[in-house]
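What you see is a predicted model; the values in this text were computed from it and never measured. The analysis underlying the following values was restricted to heavy atoms, covering all of them including side chains, and did not include hydrogens, waters or symmetry mates.
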Amino acid sequence: MRQKIEQLKTLFAEMEQAIIAYSGGVDSALVAKVAYDTLGSRALAVTAASPSLLPEELEDACIQAAEIGIAHQIVQTHEMDNPNYRANPINRCYFCKSELHDTLKPLAKELGYPYVVDGVNADDLQDYRPGIAAAKERGARSPLAELGITKLEVRQISQILGLSWWNKPAQPCLSSRFPYGEEITVAKLQRVGRAEVYLRKLGFNNLRVRSLEDTAKIELAPEQIKDFVANSDLSAIVSTFQSYGFMYVTLDLEGYRSGKLNQVLTSNVLSLPV
């Protein structure tokens, strides 16, 4: 792990200046940390704010950036203005990342930064991630993936570097809560976000609330399902979810599994280059 830290530092030293596409997740936070340790004021973390990002996640990103010490800027992105994004096709992430990097690339040029980098890791290359293609098309680099650093290694390196959020659960954008083909609206994003925040306040952290039209499907860590059913006030949870705009509330008995909505894709789709 120490060797990989040095490789990351060498990579950033060669860049001399870089903007980090920084969501506040463990991957981009590690990239921001190493970039700042190597480049100091020549590294800038930029977070895109939009309806698909929980306000709590934006707040966390700001707190983490301050702890790292890196300069931090927030920009607004407008992927919801794109009907291709709202329609939620299987390549929805392509349109999201296109909007992100179409915002970051001119910002980098304006400020004199030659590179925009992101937090894509080596494991991401093994999943269906059409957004990676959009970033590559716009010249973005992925230091973690370039060096073959996996998600597990991201957490290990983050722990070595003393980052208090090294074990933070993955929190992709809220649009990932919708099955492909279900239209995404701001109101739907907000009700999913509010539902997840509510469950986290009850003590359930590694979770998803999937939107299936009028139905909310709760996915919890498998080991938490029994406790949830036995000890939660289920009627209060249903009532709260209904106040957010859902009509029905269900529990996924398989539990949370990353990338679950991709299981509907055919092997031909999953084999496409990303």
Stepwise side-chain contact (heavy atoms from CB on, under 4.5 Å) test for N121 and T150: CA-CA 6 Å; N121 64 58; T150 66; 5.6 Å; no

CA sep, side-chain torsions, deciding dist, call: D123, D127, side-chain contact (heavy atoms from CB on, under 4.5 Å): CA-CA 7 Å; D123 289 338; D127 195 4; over 6 Å; no

Under the side-chain contact (heavy atoms from CB on, under 4.5 Å) rule, what do V75 and L107 come out as? Steps first, then yes or no, please. CA-CA 10 Å; V75 297; L107 176 64; 4.1 Å; yes

Might you work through the side-chain contact (heavy atoms from CB on, under 4.5 Å) test for I218 and L199, ending with a clear yes or no? CA-CA 9 Å; I218 299 171; L199 291 178; 3.9 Å; yes

Using side chain to side chain donor-acceptor pair (under 3.5 Å), reason through T77 and T103 one step at a time and then give a plain yes or no. CA-CA 7 Å; T77 54; T103 301; over 6 Å; no

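Here the OG1-CZ distance, from T215 to F241, works out to 12.0 Å after rounding to the nearest 0.5 Å. Residue R194 holds its CZ atom at 11.0 Å from CD of E56, rounded to the nearest 0.5 Å. Remark: D227 CG to S232 OG distance equals 6.5 Å, nearest 0.5 Å. How far CG of L104 is from NZ of K97: 9.5 Å, rounded to the nearest 0.5 Å. Distance check, rounded to the nearest 0.5 Å: CG of L220 to CG of L251 gives 6.0 Å. Distance check, rounded to the nearest 0.5 Å: CG of D27 to CD1 of I149 gives 10.0 Å.
Residue A108 comes nearest to V116 through the heavy atom pair CB-CG2, 3.8 Å, listed as atom of the first residue, atom of the second, then distance. Shown here for D118 and P143, the closest heavy-atom pair between the two residues is O-CD, 3.6 Å. Nearest heavy-atom pair, S28 versus S23, reported as atom, atom and distance to 0.1 Å: OG-N, 3.1 Å. Closest non-hydrogen pair, F246 versus A195, comes out as CE1-CB, 4.4 Å.
Under a 3.5 Å cut-off, the side chain of Y22 and the backbone N or O of A65 do form a donor-acceptor pair. No donor-acceptor pair under 3.5 Å is formed between the side chain of S142 and the backbone N or O of L144. Of the possible polar contacts, none joining the Y36 side chain to the I68 backbone as a donor-acceptor pair under 3.5 Å is found. For E99 (side chain) and H78 (main-chain N/O), a donor-acceptor pair under 3.5 Å exists by modelled atom type. A donor-acceptor pair is defined here as one N or O able to donate and one able to accept, closer than 3.5 Å; no such pair exists between the side chain of R129 and the backbone of L125. Using a distance-only test at 3.5 Å, with no hydrogens or angles considered, a donor-acceptor pair links the side chain of R191 to the main chain of G245. In terms of modelled atom types and a separation under 3.5 Å, the side chain of S239 and the main chain of A236 share no donor-acceptor contact. The backbone N or O of S176 sits less than 3.5 Å from a side-chain atom of R210, completing a donor-acceptor pair. Side-chain atoms of E182 come within 3.5 Å of backbone N or O of E213 as a donor-acceptor pair.
Partners of D233 under the side-chain hydrogen bond (donor to acceptor under 3.5 Å, both in side chains) rule, at least two apart in sequence or in another chain, are S235. Partners of F204 under the ring pair (Phe, Tyr, Trp, His ring centres under 6.0 Å) rule, at least two apart in sequence or in another chain, are F228. Applying the side-chain contact (heavy atoms from CB on, under 4.5 Å) test to K109 and every residue at least two apart in sequence or in another chain returns nothing. Shown here are the side-chain hydrogen bond (donor to acceptor under 3.5 Å, both in side chains) partners of D81, two or more places apart in sequence or in another chain: there are none. Applying the side-chain hydrogen bond (donor to acceptor under 3.5 Å, both in side chains) test to N88 and every residue at least two apart in sequence or in another chain returns R92.
Through direct or indirect side-chain contacts shorter than 4.5 Å among Ile, Leu, Val, Met, Phe, Trp and Tyr, M247 is connected to Y248. Through direct or relayed side-chain contacts under 4.5 Å between Ile, Leu, Val, Met, Phe, Trp and Tyr, L58 connects to L53, I74.
Looking at heavy atoms from C-beta onward, Y256 lies out of side-chain contact with L207 at the 4.5 angstrom threshold. With contacts defined as side-chain heavy-atom distances shorter than 4.5 Å, the pair V192/F178 qualifies. Side-chain contact check for R155 versus L30: every heavy-atom pair is 4.5 Å or farther apart. At a threshold of 4.5 Å between non-hydrogen side-chain atoms, the residues L202 and I237 count as touching. Side-chain contact between Q17 and L44 is absent, with no heavy-atom pair separated by less than 4.5 Å. Inter-residue side-chain proximity for S164 and E67 is flagged as met; some heavy-atom pair is nearer than 4.5 Å. In this structure the side chain of V117 reaches within 4.5 angstrom of the side chain of V31, judged on heavy atoms. Counting heavy atoms from C-beta on, the side chains of R138 and D102 come closer than 4.5 Å.
Counting only residues at least two apart or on different chains, the side-chain hydrogen bond (donor to acceptor under 3.5 Å, both in side chains) pairs with a member in residues 37-52 are K33-D37, T47-H72, S50-S52, S50-E79, S52-E79. Listed by first then second residue, pairs satisfying ring pair (Phe, Tyr, Trp, His ring centres under 6.0 Å) with a partner in residues 139-164 number zero, not counting sequence neighbours. Screening residues 86-122 for ring pair (Phe, Tyr, Trp, His ring centres under 6.0 Å) gives no qualifying pairs among residues at least two apart or on separate chains.
Each of R257, R208, R177 was checked for a side-chain contact (heavy atoms from CB on, under 4.5 Å) with E219, and the lone residue meeting it is R208.
The same ILVMFWY cluster, assembled from side-chain heavy atoms under 4.5 Å apart, contains both V229 and V209. Using a 4.5 Å cut-off between side-chain heavy atoms of Ile, Leu, Val, Met, Phe, Trp and Tyr, with links allowed through other members, I70 and V34 fall into the same hydrophobic cluster. The same ILVMFWY cluster, assembled from side-chain heavy atoms under 4.5 Å apart, contains both L161 and L39. When hydrophobic clusters are built by joining Ile, Leu, Val, Met, Phe, Trp and Tyr residues whose side-chain heavy atoms come closer than 4.5 Å, directly or via intermediates, L111 is grouped together with V46. If you chain together hydrophobic residues whose side chains sit under 4.5 Å apart, Y198 and L234 fall into the same group.
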All N/O donor-acceptor pairs, side-chain side in residues 166-174, below 3.5 Å, sequence neighbours left out:
residue : atom : partner : partner atom : Å
K168    : NZ   : G24     : O            : 3.0
K168    : NZ   : E57     : OE1          : 3.4
K168    : NZ   : Q64     : OE1          : 3.3
Q171    : OE1  : R200    : NH2          : 2.8

Show which side-chain atoms of residues 3-14 pair as donor or acceptor with protein atoms under 3.5 Å away, not counting sequence neighbours.
residue : atom : partner : partner atom : Å
K4      : NZ   : E153    : OE1          : 3.0
K4      : NZ   : E153    : OE2          : 3.0
T10     : OG1  : E6      : O            : 3.0

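Side chain to side chain, Y85 and S175 meet the donor-acceptor criterion of an N or O pair below 3.5 Å.
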